[in-house]
2 protein chains.
Amino acid sequence: MTRDVQPSPGFEPDGEGSCPIREVLDRVGDTWSMLVIFNLRQGPQRFNALRRSIEGISQRMLTVTLRSLERDGLVARRVKPVSPPEVEYSLTELGHSLSGPIDALGSWASEHRSALRAARAAFDAENG
Amino acid sequence: MTRDVQPSPGFEPDGEGSCPIREVLDRVGDTWSMLVIFNLRQGPQRFNALRRSIEGISQRMLTVTLRSLERDGLVARRVKPVSPPEVEYSLTELGHSLSGPIDALGSWASEHRSALRAARAAFDAENG
DNA sequence: CTGGATCCGTACCGATACTG
DNA sequence: CAGTATCGGTACGGATCCAG
C-alpha cells in the first residue's frame, strides 16, 4: 500500500492487500446491485416484480446482478416447484445489514441532490 | 416508475424521473470516486500524494475522477502559482457530508468482509 | 509536478432469440 | 414465468507520449 499517513477506519489493508471500501465497491458498486438490495428491503419479490420495480434494468442485468448478490450471500433465491415456476428473492441477514449503509447513501442523495445539480450546472457554465 | 409498494426513504422518484440512489451512484458509484473522497478526509492532498495513497489508480483515472468530483462540487482544486506547480485537492463541505455515508459503507465492509468471502467460497464450491 | 491527448484492448451491458 | 446464449455497440480504463 505504501502509505505514510494514518488511514481512516475502514480503509486499512487489513493484511489482505485491498482496503474494505474497495472490496465492497467491487461487490455492490455497480449500477444495479444497491438498487436491487434497496428494493428487496420491502420484502421478498419475484423476478419480474423486481424487474418492474427497478426502472431501466434489463432482464439480463437483473439476472446477472441477482446471481452476483446471491454468490456474496446478500440475497437468497428460493424456487417454488410449481407451474409456472415461481422464484422468490429475498435479502439474507447479511443483505439486510448492508441496507443501513445504503440507506445512508440514499438519504444523503435525497438531501443533496439539488446541491449536486447546482454545482454541476455552475461548473459546466464556467467551463465548456 | 410503476410501483405499487411504498418505497423506502431515498428511493422516491422525486418528480425527476430518477431515484436519488441511482443518481448518487451515477456520480460516485465508479471504481475510484469513493476512494478518492475517503483519502481526502484526512485533509488536502496533492496530486501525486493522492496517487500514491490509492493503490492501483492510474494517472489518467485520478485526473478523470478528480475532474468529475470537482464538477459535482465534492472536491475543490486549488492551484498554487509556484514553480514547480503545486495543486492541492480538498473536500468541499458537500464532499465532507458524503464521507459519513461512505464511512458507513467502509465500516460495514470491515465487519463483514470475512462473511462475504465465506459466502462466496461456499457458493463457488457448490457450483462451478 | 500536474496534468492533457491519443491509442487501444477489455469488459460492460442492451437487444434479441431461444429453453424449461 | 424465469431464465440462458449469443451478438455487437459502447464506454471504461491502462499505457504512452506530450505540454505547461
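Values below: every heavy atom of this structure, side chains too, minus hydrogens, waters and symmetry copies. Note that the structure is a prediction, hence the values are computed from the model and not measured. Chain letters run A, B, ... following the sequence lines, proteins first and then strands; every chain starts at 1.
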To the nearest Å, how far apart are [X] [atom1] and [N] [atom2]?
| X | N | atom1 | atom2 | value |
| --- | --- | --- | --- | --- |
| B:Met61 | C:dG4 | CE | C1' | 15 Å |
| A:Phe47 | C:dG20 | CZ | P | 18 Å |
| B:Arg67 | C:dG3 | CZ | C1' | 7 Å |
| A:Leu66 | D:dT4 | CG | P | 10 Å |
| A:Glu55 | C:dG14 | CD | P | 13 Å |
| A:Arg51 | D:dC1 | CZ | P | 10 Å |
| A:Asp30 | C:dC13 | CG | P | 7 Å |
| A:Leu62 | D:dC1 | CG | C1' | 13 Å |

**Report entry** Main-chain N/O of A:His96 paired to A:Arg41 side chain as donor or acceptor, under 3.5 Å
**Finding:**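 Not a single qualifying donor-acceptor pair exists.
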Query raised in the report: Would you find a donor on one side and an acceptor on the other, under 3.5 Å apart, between the side chain of A:Gln45 and the backbone of A:Asn39?
Result: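 It does hold such a pair.
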Report task. Under 4.0 Å between any heavy atoms, over every strand shown, what does A:Ser83 touch: base, sugar-phosphate, or nothing? Just pick one. Result ->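 No contact.
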Query raised in the report: Closest nucleotide of DNA chain C for A:Pro85 versus for A:Ile57: which of these residues is on the 5' side?
Result: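 Here A:Ile57 is the residue nearer the 5' end.
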Requested in this report: Could you check A:Glu86 against A:Arg60 and say which one's nearest nucleotide on DNA chain D is further toward the 5' end?
Outcome: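 Checking each residue's closest nucleotide, the 5'-ward one belongs to A:Glu86.
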Query raised in the report: Has the side chain of A:Gln59 got a donor or acceptor atom sitting under 3.5 Å from an opposite partner on the base of C:dG14?
Result: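 Not at all, since no donor on one side and acceptor on the other fall under 3.5 Å apart.
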Looking at [N], I'd like to know if its phosphate oxygens (OP1 or OP2) sit under 4.0 Å from a side-chain N or O belonging to [X].
| X | N | value |
| --- | --- | --- |
| B:Arg46 | C:dT2 | yes |
| A:Arg77 | D:dG3 | yes |
| A:Thr31 | C:dC13 | yes |
| B:Tyr89 | C:dC1 | no |

Requested in this report: Could you give me the CA-CA distance, side-chain angles and deciding distance for B:Phe38 and B:Leu105, then say whether side chain to side chain contact (heavy atoms under 4.5 Å, CB included) is met?
Outcome: CA-CA 11 Å; B:Phe38 222 86; B:Leu105 221 50; over 6 Å; no
Query - Nearest heavy atoms of B:Pro20 and A:Ser110, plus distance in Å - result: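 It is CG-OG, 3.5 Å.
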Query raised in the report: What distance do B:Glu111 atom CD and B:Leu116 atom CG have between them, rounded to the nearest 0.5 Å?
Result: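 Going from CD on B:Glu111 over to CG on B:Leu116, the span is 11.5 Å.
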